[in-house]
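Written out below as structure tokens is the structure these notes cover.
Position 1 is the first residue of the sequence, and the numbers go up from there. For ligands, and for the atoms within them, numbers begin at 1 and follow the listed sequence.
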Amino acid sequence: MVVVAGSAATGAVVAVEPGRLGGGEPGKVAVLLALTTVSELGGLRLRHRGALESLSLYESMLVANTALLPAGPAMLVSLAGLLLAQALLRRAPVKVLFNAGMYGAALGPAVLLYHATAAAGAPLAPRSVVAMAFAVAVFALLNLLLISQLIATVEERSAGEVVSESSKTSTLTFLGNASVGLIGVTLWLRAPVVLPAVLLPVATLYLAYRSAARETEERDRFQNLYEIGQSLASSLDLDDVLPVVLPRIARLFGAAEARLLFASGVSRPFGAIQDAEGFRYGPASDADLEALRLLGDSMHPVLGIRDDAPAGWREVLAAPLVAQGRHHGVILLGNREERRPRLSRGSTRFTSRDRQLLSPLASGLAVSISNATRLAQIKEEKSKLEQILGHSSDGILLLDGKGRVRLWNQAMERITGVPAEEAVGLAYNEWLAGPDPGGNQVTLESVLAETGPDSPRASAEVRIHTSEGLERWLRCNHSLLFDGDAWTTDVVIVHDVTAIRQTERLKADFVATVSHELRTPITPIKGYVELLRIKGDKLAPEKRQEILRVMAERAEHMARLIEDLLLASRISSGRPGSTMPGLQMERLDLVRAARTAAADWLREPTRLTLELPDEPLEVDADPMRLGQVLANLLSNAHKYSPADELVVFRVEQDGGWARASVIDHGRGIPREELERIFDKFHRVDDPMTMTTGGTGLGLYIARELARAMGGEIEASSVLHQGSTFTLRLPLAAAAETAADHWPAPASA
Ligand code: ADP
């Protein structure tokens, strides 16, 4: 678009007043063209962030061309000089076209204005001078607006802001160039001999340009530094900071490449890289290592230019990144050696000023890296701690000085059923106050009553209820941190000791039960012995016989009890899965064994009903142990159901199994207890059981025996309606058929 506008303006000017290029004065045109070219070549280029501004004497030559040539040639010579200069500077063709378009667009209106208003053929007439001043102003204004628009687009700022920023240099350009141009024209026309005198104002203008250029450069640097500072402070994460900061630093120093190499690491340093390909992380290149060598052990920035530059580099700036006495890495800035050196005017060269500037920047970067490293360490520590807390099987909680929960780990959630979100912020006593084993209420205050800076530990055991209402015994060990006399933090480690407590209770119950069970038969035995000792001779023989029978029965009961205890201990000390020692297995008929076991319960008045098949059911079992199992089931059915309720004893075949079931109509067993009644010493905690004698060993032993004989005992029960216990043993016939052995045994 710019090119089209420029061409249109040029075309218009040439059309309005074509003149004649040369116009009989080819020398004049050639001189003006040469001077125009030189004026553009000698300009100062300002790298203004993204865009390039130039301060040159070009506008002076516009004045000269416009005053001394007809409009068309003036326009063409001005543009040709510009193109020539740009070609000599090896600008990219696109840029040249763009610049020519822009100048053409600004120049056209200016030249037309001059030729429309100036006194014809009298460039030094007052009217012409005023016209020239206006024309140059129009050019400068249009040029300013166009360039500002361009910069504003590149930097994504408002055009107005850029205009006001550049207006100072533009005014300088306008005034300086207009006067130099006019002086030159005057001298050309009036006293060409003294034309070289124009060099004086030219030199003055050039100096003014230099200082303006410096000012712009400083402003730019300041802005860049400010932005770098902002970015460094914006985040503690290097991955956020470096991709923004490194390109800015490179731009600040006019370096094509920038590296930030970290001190830690492997044989070859690794770091952030900014170059023509953009930002990335990667290992240092060989050229980088050369540059590092240049820095050596220096604690200050080092500059390497031309002959001092390390191999592969035209210039290098390197600085160590040191913060709090620690070396965090190195920053390298540089421009590579080019194989085909181009006209290097205007290209940035590092100076000792750059070295000074790098020093505070390197410190800032070092602090950022140091902070980021520390943050990463803290994060890692934190995540380690969180893992430890999370995986700990013990509950861990932290209390603040006011006794409020600050931390509640996963184990605490598991133990209490209270999630951390709910627990944190509330008082310790809310969750962990409760009675100790002695029944005394324990609170945080009571536990910590005896603590002080010299004895910062305390411990207590409390009973709590979980959120599901289950009872838990917890041992809470407190460790206090003191600030002066007041504690500020309490670290509490919580062990769940419920299982230990339960076992202890079980043991206590067991001792009580066994003592009771042993004492029960001893009392009548002692009484009868006493009776026999005192009145034995006087008693009728039948009575004596009766007493002796009861005594024998009680002694037998005691023997059985002791036998049970020994057997249970033998079973539980055996390895799981190992065969039970002392089993005498033989082929026998379960129906017959059932009839024998039932005989004790069939004495009148009986409530036992037998449902036995006519056919025998052959099984392999230890007859004595089988009798013990059946007796236990029958005894329990009678013990745990009312005396007027029937008990059914049924034996039947079920596939390859022989089954013996004892069905009662007693109070039944709660569902959650159905499996636990087979545990050693376990008795259902209900009034009926507790008023009935027993050790809680019978079913444990019965199931172990059944399993040892290749079978199983199962229980089913409906609370308040009754229970069914079933022993099943594999049928010998089925086992044999499967093994394709002897014919079925004869029925007994
Ligand atoms: P014991 O009868 O000596 O207590 P067991 O091991 O034989 O020990 O039984 C364990 C518990 O199972 C008993 O204390 C009782 O609470 C329960 N139990 C066993 N059989 C029955 C039954 N038929 N009906 C109800 N509860 C039973």
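Side-chain contact check for Ser235 and Asp237: no donor-acceptor pair (N or O, by modelled atom type) lies under 3.5 Å. Of the N and O atoms on the side chains of Thr488 and Asp483, not one donor lies less than 3.5 Å from an acceptor on the other residue. Side-chain contact of Asp239 with Tyr281: a donor-acceptor pair under 3.5 Å is present, judged by distance alone. Counted by atom type alone, Gln410 and His391 present zero donor-acceptor pairs between their side chains at under 3.5 Å. When only modelled atom types and interatomic distance are considered, Ser370 and Gln324 share a side-chain donor-acceptor pair under 3.5 Å. For the 3.5 Å distance criterion, the side chains of Thr609 and Arg650 fail to qualify, holding no donor opposite an acceptor.
Checked by distance only, ligand 1 and Thr695 come closer than 3.5 Å through their nitrogen or oxygen atoms. Taking distance alone, with nitrogen or oxygen atoms compared against 3.5 Å, Val684 approaches ligand 1 more closely than that limit. Not a single N or O atom of Tyr700, backbone or side chain, sits closer than 3.5 Å to an N or O atom of ligand 1. For Gly698, a nitrogen or oxygen atom sits less than 3.5 Å from a nitrogen or oxygen atom of ligand 1, counting backbone and side chain alike.
Atom numbering of ligand 1 starts at 1 in the shown order; those under 4.0 Å from a heavy atom of His682 are 10 (C), 11 (C). Within the listing of ligand 1, atoms 24 (N) sit less than 4.0 angstrom from a heavy atom of Ser723. Against a heavy-atom cut-off of under 4.0 Å, Asn632 is close to the following atoms of ligand 1: 7 (O).
At least one heavy atom of Lys639 sits under 4.0 Å from some atom of ligand 1. Within the structure, ligand 1 lacks Gly666 among the residues with a heavy atom less than 4.0 angstrom away. Ligand 1 is approached by Phe725 to a heavy-atom distance shorter than 4.0 Å. The shortest heavy-atom distance from Glu673 to ligand 1 is not under 4.0 Å.
The residue Val662 has no part lying near ligand 1, judged by heavy-atom distances below 4.0 Å. Contacts between Leu699 and ligand 1, counted as non-hydrogen atom pairs separated by less than 4.0 Å, involve both the backbone and the side chain.
Ring pair Tyr640/His665: centre-to-centre distance not below 6.0 Å.
To the nearest 0.5 angstrom, Asp394 atom CG is 8.5 Å from Asn477 atom CG.
The residues Lys526 and Glu530 are annotated as not salt-bridged, no charged nitrogen and carboxylate oxygen being separated by less than 4.0 angstrom.
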